[in-house]
Protein chains: 2
Amino acid sequence: MRSATGADGEQPISMTVIRRIPAYLNVVRKLREEGVEWVSSHELAKACAMTPSSVRQDLSHFGKFGLTRHGYNVMVLNQALEQILGVDNAFNLVIVGAGNLGRAIANYESFRRRGFFLRAIFDNHPEVIGQEVAGLAVRPLEQMAQVVREQRVHLGAICVPGPAAQAVAERLVAAGVAGIWNFAPTQLVVPSWVAVEDVHLSVSLLTLGYLVRERARQREEPVRPPGGTKATLRGIYGGRKGRI
Amino acid sequence: MRSATGADGEQPISMTVIRRIPAYLNVVRKLREEGVEWVSSHELAKACAMTPSSVRQDLSHFGKFGLTRHGYNVMVLNQALEQILGVDNAFNLVIVGAGNLGRAIANYESFRRRGFFLRAIFDNHPEVIGQEVAGLAVRPLEQMAQVVREQRVHLGAICVPGPAAQAVAERLVAAGVAGIWNFAPTQLVVPSWVAVEDVHLSVSLLTLGYLVRERARQREEPVRPPGGTKATLRGIYGGRKGRI
DNA sequence: TAGATTGTTAATCGATTAACAATC
DNA sequence: TAGATTGTTAATCGATTAACAATC
């Protein structure tokens, strides 16, 4: 299996592909738990709302995991996908912002199973500091640099309001994290060597609102072609992806 | 301004474009609050990590909001973007799953400001039912159909564990919601007229882990060209988008 | 006017899908 | 063997970027 940035002269792998790997991994893990031994690109595609062609091409970026006539061995593929994502690596994580979202993240148990270990939670509200969240006492922001250094923290999750996010990001970067998981509705500016992954809930919700309204419009508004015949668009748009 | 599915015979608008509108709206709202009157495609692009060209082309899908030599009037653009996203519409929302994530979503205050009104929270754990969350008593799942009908609920947020998600989705669809905001790590199967917006936190976190590990690899692994000179890749990859 | 900015068309780039030889 | 499935190449499709006439 080659690295995404392999020194072998091949192309680096696009983020589009990378973001699909966790979905494959989810499916393959479930299959392994069910005791399934083999899975074809067709089956994998169906489970992930993809085409078989895309599945095969995605996987081929990392090596040849398949066996002609059998498809992919579930155990082999499971291990390969985990290695690609570095699930064998352990990441230390801190959360900044002990509000509802920060607490929810802190208590998200499946993270630990995937190698992400919560080391501290920070907040700057005096009445919150010292409260216990997910087994950890909330600490003041001032302790961040020390904690990140001493506990070798790789990742910081930003769960503070938008206006405070950039300052928190800068503090995390100065403390030495290599990646930021950003839940604030803010476009962070960070040095190029820091990875940022955004989870913009409001973008997601507004998009959903748009979709719902557009589909309602499609169902309700009759289309009147010049000829004068009448038809509605109900049922024409069957898929969930791409254009609506 | 034309609709995304305008009966005028033009092309529908791609989801890629739609998903950028909330980001533009965020920036434009902030500018309006600051009293800024005009914004150019360059400025907007910078604030959203886009190119000016893309900004202009995105906006041109919905109409001509700009004025040559001035750029876009902030008030006009703000209103236009809100209209595109249907922020004038009010959506009624229920949450299924009163765990940490469900509670965090329930308490996300900015939703109300954007026209999303929480009407109920459901759970099926007897010890949780009746607890107060965001001013509402948690209800048993059995009441979902009635609540959705009586309160004209449009959207359901799924905040239950993966294995329960598909059943909850079917229940929401049967009750009559038009859209699902899915936080479970599951590929939901729903009828084509139901919109689904996924927020897969584990995909996001695993992707971040991958990025961090790859960048570390880039910095640490020296590249040895055939000639024998030695160089690291530090600093070559400046951007945050696209290939890593 | 000269210069700056839009809206739009054309060119480029990248991602997805289709097709098919290789293979067990 | 016949048939099914991969890995990979080629074709299509869509998204982004560049370029530029129109305009104030």
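A note on names: the letters A, B, ... follow the listed sequences, proteins ahead of strands, and every chain is numbered from 1.
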Novice: Step by step, would you call A:Ile13 with A:Phe62 a side chain to side chain contact (heavy atoms under 4.5 Å, CB included)?
Specialist: CA-CA 9 Å; A:Ile13 291 158; A:Phe62 301 95; 3.4 Å; yes
Novice: When you measure only distances, ignoring hydrogens and angles, does the side chain of A:Glu43 come within 3.5 Å of the base of D:dT5 through a donor and an acceptor?
Specialist: no
Novice: Just the rounded figure in Å: distance from P of C:dA4 to CG of B:Leu44.
Specialist: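 For the pair B:Leu44 CG and C:dA4 P, the rounded distance is 20 Å.
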Novice: What is the per-nucleotide protein-contact pattern of nucleotides 19-24 of chain C, from the 5' end, where B denotes a base atom under 4.0 Å from a protein heavy atom, S denotes such proximity for sugar-phosphate atoms only, and - denotes neither?
Specialist: BB-BBB
Novice: Distance check needed: D:dT6 C1' versus A:Leu59 CG, whole Å only.
Specialist: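 The distance from CG of A:Leu59 to C1' of D:dT6 comes to 11 Å, rounded to the nearest Å.
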Novice: Given pairs defined as Watson-Crick or G-U wobble with both distances under 3.5 Å, what dot-bracket annotation applies to DNA chain D, with ( ) intrastrand, [ ] crossing, | other strand and . unpaired?
Specialist: ..||||||||||||||||||||||
Novice: So does A:His200 get a backbone contact from the side chain of A:Asp198, meaning a donor-acceptor N/O pair under 3.5 Å?
Specialist: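 No, because the side chain of A:Asp198 does not come within donor-acceptor range (under 3.5 Å) of the backbone of A:His200.
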Novice: Expressed as a whole number of angstroms, how long is the span from B:Tyr72:OH to C:dT6:C1'?
Specialist: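 Value for this atom pair: 6 Å.
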Novice: Students often get this wrong, so: under 4.0 angstrom with heavy atoms, is B:Thr51 touching a base, only sugar-phosphate, or nothing?
Specialist: sugar-phosphate
Novice: Between atom CG in A:Leu77 and atom P in D:dG7, what is the gap in whole Å?
Specialist: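 Distance check: A:Leu77 CG to D:dG7 P gives 10 Å.
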Novice: In whole angstrom, give the distance that lies between atom NE2 of A:His61 and atom C1' of D:dT6.
Specialist: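 Going from NE2 in A:His61 over to C1' in D:dT6 covers 16 Å.
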Novice: Does atom CD (A:Glu109) have a neighbourhood of more than 12 heavy atoms from anything else shown, all under 6.0 Å?
Specialist: no
Novice: So, OP1 or OP2 of D:dT6: does either fall under 4.0 Å of a side-chain N or O from A:Ser60?
Specialist: no
Novice: Taking CG from A:Asp58 and P from D:dG7, how many angstroms apart are they, rounded to a whole number?
Specialist: 12 Å
Novice: Using the ring centroid of each side chain, check whether B:Phe65 and B:Tyr72 are separated by less than 6.0 Å.
Specialist: no
Novice: With heavy atoms under 4.0 Å as the rule, sort A:Thr16 into base, sugar-phosphate or nothing.
Specialist: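 If one applies the 4.0 Å heavy-atom cut-off, A:Thr16 turns out to touch the sugar-phosphate alone, with no base involved.
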Novice: How many whole angstroms separate atom CD of B:Gln57 from atom C1' of D:dA15?
Specialist: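 After rounding, the reported distance stands at 8 Å.
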Novice: Using salt bridge (charged side-chain N to carboxylate O under 4.0 Å, His left out) as the criterion, point out the one residue from A:Arg114, A:Arg29, A:Arg113 that pairs with A:Glu82.
Specialist: A:Arg29
Novice: Begin with the C-alpha distance, continue with both residues' side-chain angles, and end with the deciding distance and a verdict on side chain to side chain contact (heavy atoms under 4.5 Å, CB included) for A:Asn182 and A:Glu197.
Specialist: CA-CA 6 Å; A:Asn182 176 40; A:Glu197 176 73 16; over 6 Å; no
Novice: Could you give the CE-to-P distance, from A:Met50 to C:dA18, as a whole number of Å?
Specialist: 13 Å
Novice: On DNA chain C, does the nearest nucleotide to A:Arg20 precede the nearest nucleotide to B:Lys64 from the 5' side, or the other way round? Give the residue.
Specialist: B:Lys64
Novice: Can you check whether B:Met15 reaches A:Leu211 side chain to side chain, under 4.5 Å on heavy atoms?
Specialist: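 They are in contact (side-chain heavy atoms under 4.5 Å apart), so the answer is yes.
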Novice: Among the candidates C:dT6, C:dA15, D:dT6, find the nucleotide nearest to the side-chain atoms of A:Ser41.
Specialist: D:dT6
Novice: Could you tell me whether the side chain of B:Val17 reaches within less than 4.5 Å of the side chain of B:Ser14, counting heavy atoms only?
Specialist: yes
Novice: Determine, stepwise, if the pair A:Phe116 / A:Trp181 fulfils ring-ring contact (aromatic ring centres under 6.0 Å, His included).
Specialist: CA-CA 12 Å; A:Phe116 295 84; A:Trp181 203 19; 7.9 Å; no
